[in-house]
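Here the structure is laid out as C-alpha coordinates; the discussion comes afterwards.
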Amino acid sequence: QVQLVESGGGLVQAGGSLRLSCAASGRTFSSYAMGWFRQAPGKEREFVARVSASGFITYYAYSVKGRFTVSRDNAKNTVYLQMNSLKPEDTAVYYCAASNTITSGSNVGQMPTYDYWGQGTQVTVSS
(Lines give C-alpha, C1' and ligand atoms only; values in the text may rest on other atoms or scores of the structure.)
Protein backbone atom coordinates (compact mmCIF):
# COMPACT_ATOMS: atom_id res chain seq x y z
CA GLN A 1 0.00 0.00 0.00
CA VAL A 2 1.30 3.45 -0.94
CA GLN A 3 -0.26 6.71 0.16
CA LEU A 4 0.54 9.84 -1.80
CA VAL A 5 0.18 13.47 -0.72
CA GLU A 6 0.81 16.33 -3.13
CA SER A 7 1.82 19.84 -2.12
CA GLY A 8 3.24 23.00 -3.63
CA GLY A 9 0.34 24.14 -5.74
CA GLY A 10 -0.87 27.72 -5.79
CA LEU A 11 -1.48 30.83 -7.84
CA VAL A 12 1.28 32.10 -10.10
CA GLN A 13 1.52 34.56 -12.96
CA ALA A 14 2.21 33.41 -16.49
CA GLY A 15 5.92 32.89 -17.01
CA GLY A 16 6.44 31.99 -13.38
CA SER A 17 7.51 28.76 -11.73
CA LEU A 18 6.24 26.30 -9.16
CA ARG A 19 7.60 23.09 -7.74
CA LEU A 20 5.17 20.39 -6.79
CA SER A 21 6.08 17.67 -4.33
CA CYS A 22 4.50 14.30 -3.76
CA ALA A 23 5.35 12.56 -0.51
CA ALA A 24 4.82 8.83 -0.37
CA SER A 25 4.37 6.54 2.58
CA GLY A 26 5.50 2.95 2.59
CA ARG A 27 8.81 1.19 2.34
CA THR A 28 8.43 0.20 -1.30
CA PHE A 29 8.42 3.69 -2.83
CA SER A 30 11.69 3.09 -4.67
CA SER A 31 10.18 0.16 -6.57
CA TYR A 32 7.44 2.27 -8.19
CA ALA A 33 7.60 4.44 -11.23
CA MET A 34 5.93 7.76 -10.49
CA GLY A 35 3.74 9.83 -12.73
CA TRP A 36 2.19 13.27 -12.74
CA PHE A 37 -1.18 13.91 -14.30
CA ARG A 38 -3.43 16.95 -14.44
CA GLN A 39 -7.09 17.69 -14.91
CA ALA A 40 -8.44 21.04 -15.98
CA PRO A 41 -12.08 22.02 -15.41
CA GLY A 42 -14.34 20.28 -17.90
CA LYS A 43 -11.49 18.22 -19.35
CA GLU A 44 -10.26 14.69 -18.96
CA ARG A 45 -7.28 13.88 -16.81
CA GLU A 46 -4.11 13.87 -18.88
CA PHE A 47 -0.58 12.61 -18.54
CA VAL A 48 2.13 15.15 -17.74
CA ALA A 49 5.33 13.31 -16.82
CA ARG A 50 6.75 10.08 -15.50
CA VAL A 51 9.99 9.06 -13.82
CA SER A 52 11.22 5.51 -13.55
CA ALA A 53 11.78 3.79 -10.22
CA SER A 54 15.52 4.48 -10.44
CA GLY A 55 15.00 8.07 -11.49
CA PHE A 56 17.13 7.65 -14.60
CA ILE A 57 14.35 7.53 -17.22
CA THR A 58 11.82 10.28 -17.71
CA TYR A 59 8.92 10.89 -20.06
CA TYR A 60 6.98 14.07 -20.77
CA ALA A 61 3.86 15.11 -22.54
CA TYR A 62 4.61 17.18 -25.60
CA SER A 63 2.81 20.18 -24.10
CA VAL A 64 5.22 20.43 -21.16
CA LYS A 65 8.48 19.14 -22.59
CA GLY A 66 11.26 21.65 -22.10
CA ARG A 67 9.34 23.49 -19.39
CA PHE A 68 8.68 20.83 -16.73
CA THR A 69 11.14 18.52 -15.04
CA VAL A 70 10.23 15.43 -13.04
CA SER A 71 12.64 14.02 -10.49
CA ARG A 72 12.62 11.91 -7.35
CA ASP A 73 14.51 11.42 -4.12
CA ASN A 74 14.07 7.84 -3.02
CA ALA A 75 15.77 8.54 0.30
CA LYS A 76 13.01 11.03 1.06
CA ASN A 77 10.18 9.04 -0.56
CA THR A 78 9.35 12.10 -2.62
CA VAL A 79 8.82 12.90 -6.28
CA TYR A 80 8.94 16.42 -7.66
CA LEU A 81 7.60 18.32 -10.63
CA GLN A 82 9.46 21.53 -11.38
CA MET A 83 7.29 23.71 -13.59
CA ASN A 84 8.84 26.68 -15.37
CA SER A 85 7.51 29.14 -17.94
CA LEU A 86 3.99 28.42 -16.80
CA LYS A 87 1.09 29.25 -19.08
CA PRO A 88 -2.59 29.83 -18.29
CA GLU A 89 -3.36 26.53 -20.03
CA ASP A 90 -1.32 24.75 -17.35
CA THR A 91 -4.07 25.58 -14.86
CA ALA A 92 -5.37 22.32 -13.44
CA VAL A 93 -5.44 20.03 -10.47
CA TYR A 94 -2.19 18.08 -10.50
CA TYR A 95 -2.06 14.49 -9.29
CA CYS A 96 0.82 12.19 -8.61
CA ALA A 97 0.47 8.46 -9.06
CA ALA A 98 2.52 5.33 -8.46
CA SER A 99 2.89 2.54 -10.99
CA ASN A 100 4.20 -0.97 -10.51
CA THR A 101 3.94 -1.62 -14.26
CA ILE A 102 7.03 -1.59 -16.42
CA THR A 103 6.16 0.29 -19.55
CA SER A 104 7.55 2.73 -22.06
CA GLY A 105 6.65 4.94 -24.95
CA SER A 106 3.06 5.96 -25.38
CA ASN A 107 1.94 3.53 -22.67
CA VAL A 108 3.46 5.59 -19.86
CA GLY A 109 0.38 7.79 -19.85
CA GLN A 110 -2.14 4.99 -19.48
CA MET A 111 -3.94 5.67 -16.20
CA PRO A 112 -4.99 2.04 -15.55
CA THR A 113 -1.29 1.17 -15.19
CA TYR A 114 -1.06 3.40 -12.09
CA ASP A 115 -1.94 1.70 -8.85
CA TYR A 116 -2.12 4.53 -6.34
CA TRP A 117 -3.17 8.16 -6.63
CA GLY A 118 -2.91 11.26 -4.52
CA GLN A 119 -5.72 13.71 -3.86
CA GLY A 120 -4.29 16.44 -6.06
CA THR A 121 -3.07 20.00 -5.67
CA GLN A 122 -4.46 23.02 -7.50
CA VAL A 123 -2.25 25.04 -9.81
CA THR A 124 -3.64 28.28 -11.20
CA VAL A 125 -1.73 30.35 -13.72
CA SER A 126 -3.01 33.87 -14.31
CA SER A 127 -2.48 35.74 -17.56
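The first residue in the sequence is number 1, and the count goes up from there. Keep in mind it's a predicted model, so treat the numbers as computed, not measured.
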Review point. Is there a side chain to side chain donor-acceptor pair (under 3.5 Å) between Ser17 and Asn84 once you walk through the steps?
Key: CA-CA 4 Å; Ser17 298; Asn84 299 329; 2.9 Å; yes

Cluster check Phe68, Val108: I/L/V/M/F/W/Y, side chain < 4.5 angstrom:
no

Minimum side-chain heavy-atom gap Tyr80-Val70 below 4.5 Å: no

*Does Tyr60 share a hydrophobic cluster with Met83, counting links as ILVMFWY side-chain heavy atoms below 4.5 Å and allowing steps through other members?*
yes

I'd like to know whether Met34 forms a side-chain contact (heavy atoms from CB on, under 4.5 Å) with Leu4, so could you lay out the CA-CA distance, the side-chain angles of the two residues, the decisive distance to 0.1 Å, and finally the verdict.
CA-CA 10 Å; Met34 297 298 296; Leu4 305 172; 3.9 Å; yes

- Query: If you draw the axis of the six-membered ring of Phe29, does the NZ or CZ of Arg72 fall within 45° of it and under 6.0 Å from the ring centre?
  - Reply: yes

Should the pair Trp117 and Phe37 be assigned to parallel (<30°), tilted (30 to 60°) or perpendicular (>60°) ring geometry?
tilted

**Report entry** Sub-4.5 Å side-chain heavy-atom contact between Tyr32 and Tyr114
**Finding:** no

Review point. Hey, are the side chains of Val51 and Trp36 touching, using non-hydrogen atoms and a 4.5 Å cut-off?
Key: no

| query | With distance as the sole test, does Glu6 use its side chain to make a donor-acceptor pair with the main-chain N or O of Gly120 at under 3.5 Å? | reply | yes

Kindly say whether Leu11 contributes a backbone atom to a donor-acceptor pair with the side chain of Thr124 at under 3.5 angstrom? no

Tell me whether the count of non-hydrogen atoms from other residues, nucleotides or ligands lying under 6.0 Å of CD in Glu89 goes above 12.
yes

### Query
Do you reckon Val64 sits in the same ILVMFWY cluster as Val125, going by side-chain contacts under 4.5 Å, direct or chained?
yes

Q) Is the side chain of Thr113 donor-acceptor paired with the backbone N or O of Met111 at a distance under 3.5 Å, no angle test? A) no

All heavy atoms of Ala40 vs all of Ala92, minimum pair found to be N-CB, 3.8 Å

- Query: Do the side chains of Gln122 and Thr91 get nearer than 4.5 Å, heavy atoms only?
  - Reply: yes

Is there a side-chain contact between Asp90 and Val123 in this structure, where contact means two heavy atoms from C-beta onward sitting under 4.5 Å apart? no

Review point. Is there a donor-acceptor contact under 3.5 Å from the side chain of Asn77 to the main chain of Gly26?
Key: yes

Rounding to 0.5 Å, atoms OG (Ser52) and CD1 (Ile57) come to a distance of 4.5 Å

| query | What's the verdict on side-chain contact (heavy atoms from CB on, under 4.5 Å) for Leu18 and Leu86, showing C-alpha distance, side-chain angles and the deciding distance? | reply | CA-CA 8 Å; Leu18 281 175; Leu86 282 161; 4.2 Å; yes

Answer yes or no: is there a donor N or O on one side and an acceptor on the other, between the side chain of Thr121 and the main chain of Gly9, under 3.5 Å?
yes

* Asked: Got a donor-acceptor contact below 3.5 angstrom from the Thr78 side chain to the Ala23 backbone?
  -> no

Heavy atoms of Ala14 and Ser127 approach each other most closely as CB-CA, 4.4 Å

message: Would you say that more than 12 heavy atoms from the other residues, nucleotides or ligands in this model lie under 6.0 Å from the CD of Gln119, or not?
response: no

| task | Group every Ile, Leu, Val, Met, Phe, Trp and Tyr by side-chain heavy-atom contacts under 4.5 Å, then state whether Val12 and Val93 land in the same group. | result | no

Exercise. So, does Arg50 use its side chain to make a donor-acceptor pair with the main chain of Thr58 at under 3.5 Å?
Worked result: no

In short, side-chain hydrogen bond (donor to acceptor under 3.5 Å, both in side chains) pairs touching residues 94-109 with sequence neighbours left out are Arg38-Tyr94

**Q.** Val5 reachable from Leu20 in the ILVMFWY side-chain graph, under 4.5 Å edges
**A.** no

